[in-house]
Amino acid sequence: MAEDSDLEKTEQASPKRLEKAREEGDVPRSRELATVTVLFAAGLSFLMMGNHLHQALKAAMSSGLHFDRTMAFDASVLLMRMSDNVYTLLLAFAPLALILLVVAIASPALIGGWIFSGKALAPQFGRLNPMKGLGNMFSKNSAVELIKSIAKTILVATVAYVVVSHDMEPILSLSLLPLKTSIAQVNDLMLTGFLSIVSALVFIAAIDVPYQLYHYANKLKMTKEEVRQESKESEGNPEIKARIRQQQREMAKRRMMSEIPTADVVITNPTHYAVAIKYQDAGMRAPVVVAKGADAIALKIREIAAEHNVLTMEAPKLARALYAHTELGSEIPEALYSAVAEVLAYVFQMRIFNKEGGFHPEVPKALPVPEALDPHSLIPAASAHDVEAIIS
């Protein structure tokens, strides 16, 4: 069952898959939206430029039907007249053609945006497979297209019937009107009917656009296995990455342990935490943490410190604060300067005592550690194990 669920396309397409589909020229498109947009643009253009186009056609027809004696005896004059009429008509219809061209190019980009892909133009011989063609004929998408075609036919027929029924009386009276008036009336009736039918097609486009977006998203859905495989390809194998992180931690741990012999003092909890501090007058603005750890790592720090005669000092509150608020290789917080200064002063006094003898330095007791930096003060009732988990 788990394997079956992994093979089901239940996951939304990833950005990488969407980008790949786009590179291949596969984007959502709605032919209904593009058709309605072009038809609307044509109808509105005729509404605004109809009179201008009518006058151009009238002038061209009048010129074409007018013959004189020179045209009968000189064919070049006839050709010149015809070329002038064609040029006049082309010039008159150029704005309309330009508008329809721009709309035809821009309308597909209303959903999916513009895209230029050479892969979409490459020959795909799989489309020549007759069995695949038969499968497409009886597919869900074909059924939807058939339903849309039937719905458009019914809708257009219904709107045309309503428009004609509403204008039946003006249509029947056209033969009684003067020629110019009847032609103008016919133009108005045809334009009104055309825009009414196109307006009805907006309903089909309003349904088709969400469907195409849904169909496109559903087509590009991925299985859980595909998601995992893509994650491996883009981000690397999780097992390898985990192994690399583990090796990086081990290398960092080895580097940290190699720095302990250079430390001036190791401040302990005494058992849970250990923090190694180093300070040099030349080149250091403040003491630096060269190693820190909890539990087993803290024990290892203390062992290495003992092997290299690095002084170990118990200061539980200071050890907890340093462990919680410092990073390896970073300076200690300014709020802990005073406390660490007392510790370092004790360390330097012990070095003098070990070399020259004299009075044994007194171990500093009440170190000035702010309560806000001590994790134990934030959770008074917590156990040591809970506090360690919070700090880690």
- Stepwise side-chain contact (heavy atoms from CB on, under 4.5 Å) check, V288 with Y279: CA-CA 6 Å; V288 174; Y279 179 70; over 6 Å; no
Could you see if [X] belongs to whatever hydrophobic cluster contains [Y]? Use Ile, Leu, Val, Met, Phe, Trp, Tyr and a side-chain cutoff under 4.5 Å.
{"X": "V38", "Y": "L98", "value": "no"}
{"X": "L47", "Y": "V36", "value": "yes"}
{"X": "V363", "Y": "V340", "value": "yes"}
{"X": "M49", "Y": "L57", "value": "yes"}
{"X": "V265", "Y": "L336", "value": "yes"}

For [X] and [Y], work out which heavy atoms get closest and say how close.
{"X": "K300", "Y": "M257", "answer": "CG-CE, 3.7 Å"}
{"X": "A298", "Y": "G293", "answer": "CB-O, 3.5 Å"}
{"X": "A205", "Y": "P210", "answer": "O-CD, 4.5 Å"}
{"X": "K292", "Y": "V289", "answer": "CB-CG1, 4.4 Å"}
{"X": "A274", "Y": "V266", "answer": "CB-CG1, 4.1 Å"}
{"X": "A315", "Y": "L367", "answer": "CB-CD1, 3.8 Å"}

Can you give me every donor-acceptor pair (side chain of residues 324-333, partner residue at least two apart or in another chain, under 3.5 Å) with its distance?
| unit_1 | atom_1 | unit_2 | atom_2 | d |
| --- | --- | --- | --- | --- |
| H325 | NE2 | L373 | O | 3.0 |
| T326 | OG1 | L322 | O | 2.3 |
| S330 | OG | E327 | N | 3.0 |
| S330 | OG | E327 | O | 2.5 |
| E331 | OE1 | R285 | NH2 | 2.6 |

When rounded to the nearest 0.5 angstrom, what distance separates [atom1] in [X] from [atom2] in [Y]?
{"X": "L311", "Y": "M313", "atom1": "CG", "atom2": "CE", "answer": "8.0 Å"}
{"X": "N85", "Y": "M80", "atom1": "CG", "atom2": "CE", "answer": "12.0 Å"}
{"X": "I154", "Y": "I150", "atom1": "CD1", "atom2": "CD1", "answer": "7.0 Å"}
{"X": "L318", "Y": "Y273", "atom1": "CG", "atom2": "OH", "answer": "13.5 Å"}
{"X": "K16", "Y": "M222", "atom1": "NZ", "atom2": "CE", "answer": "9.0 Å"}
{"X": "R31", "Y": "I204", "atom1": "CZ", "atom2": "CD1", "answer": "13.5 Å"}

Taking atom [atom1] of [X] as the centre, report whether more than 12 heavy atoms of other residues, nucleotides or ligands fall under 6.0 Å from it.
{"X": "E250", "atom1": "CD", "result": "yes"}
{"X": "K219", "atom1": "NZ", "result": "yes"}
{"X": "M168", "atom1": "CE", "result": "yes"}
{"X": "F46", "atom1": "CZ", "result": "no"}
{"X": "Q246", "atom1": "CD", "result": "yes"}
{"X": "F203", "atom1": "CZ", "result": "no"}

Beyond-backbone contact of [X] with [Y], side-chain heavy atoms, under 4.5 angstrom:
{"X": "P368", "Y": "E342", "value": "yes"}
{"X": "K152", "Y": "E32", "value": "yes"}
{"X": "F40", "Y": "L201", "value": "no"}
{"X": "T158", "Y": "Y161", "value": "no"}
{"X": "R302", "Y": "T268", "value": "yes"}
{"X": "D208", "Y": "K148", "value": "yes"}
{"X": "I260", "Y": "I301", "value": "yes"}
{"X": "R320", "Y": "N269", "value": "yes"}

Only distances under 3.5 Å count here; give the side-chain donor-acceptor pairs of residues 190-197 to other protein atoms, sequence neighbours excluded, each with its distance to 0.1 Å.
| unit_1 | atom_1 | unit_2 | atom_2 | d |
| --- | --- | --- | --- | --- |
| T192 | OG1 | D188 | O | 2.8 |
| S196 | OG | T192 | O | 2.7 |

- Task: Start with the C-alpha gap between I297 and M256, add the side-chain angles, then the distance that decides, and say whether side-chain contact (heavy atoms from CB on, under 4.5 Å) holds.
- Result: CA-CA 11 Å; I297 297 178; M256 181 182 73; 3.9 Å; yes
- D84, T88, L90, L89 screened by side-chain contact (heavy atoms from CB on, under 4.5 Å) with V86, the one that passes: L90
- Message: Once you measure the plane-to-plane angle for Y214 and Y211, does it fall in the parallel (<30°), tilted (30-60°) or perpendicular (>60°) bin?
- Response: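 The arrangement is tilted - the two ring planes meet at 30° to 60°.
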- In sequence, state the C-alpha distance, the side-chain angles, and the governing distance for I277 and I267, and then conclude on side-chain contact (heavy atoms from CB on, under 4.5 Å). CA-CA 8 Å; I277 300 294; I267 304 172; 4.1 Å; yes
Return all side-chain donor-acceptor pairs below 3.5 angstrom for residues 345-356, not counting sequence neighbours, or 'none' if the list is empty.
| unit_1 | atom_1 | unit_2 | atom_2 | d |
| --- | --- | --- | --- | --- |
| R351 | NH2 | D264 | OD1 | 2.8 |
| N354 | ND2 | M350 | O | 3.1 |

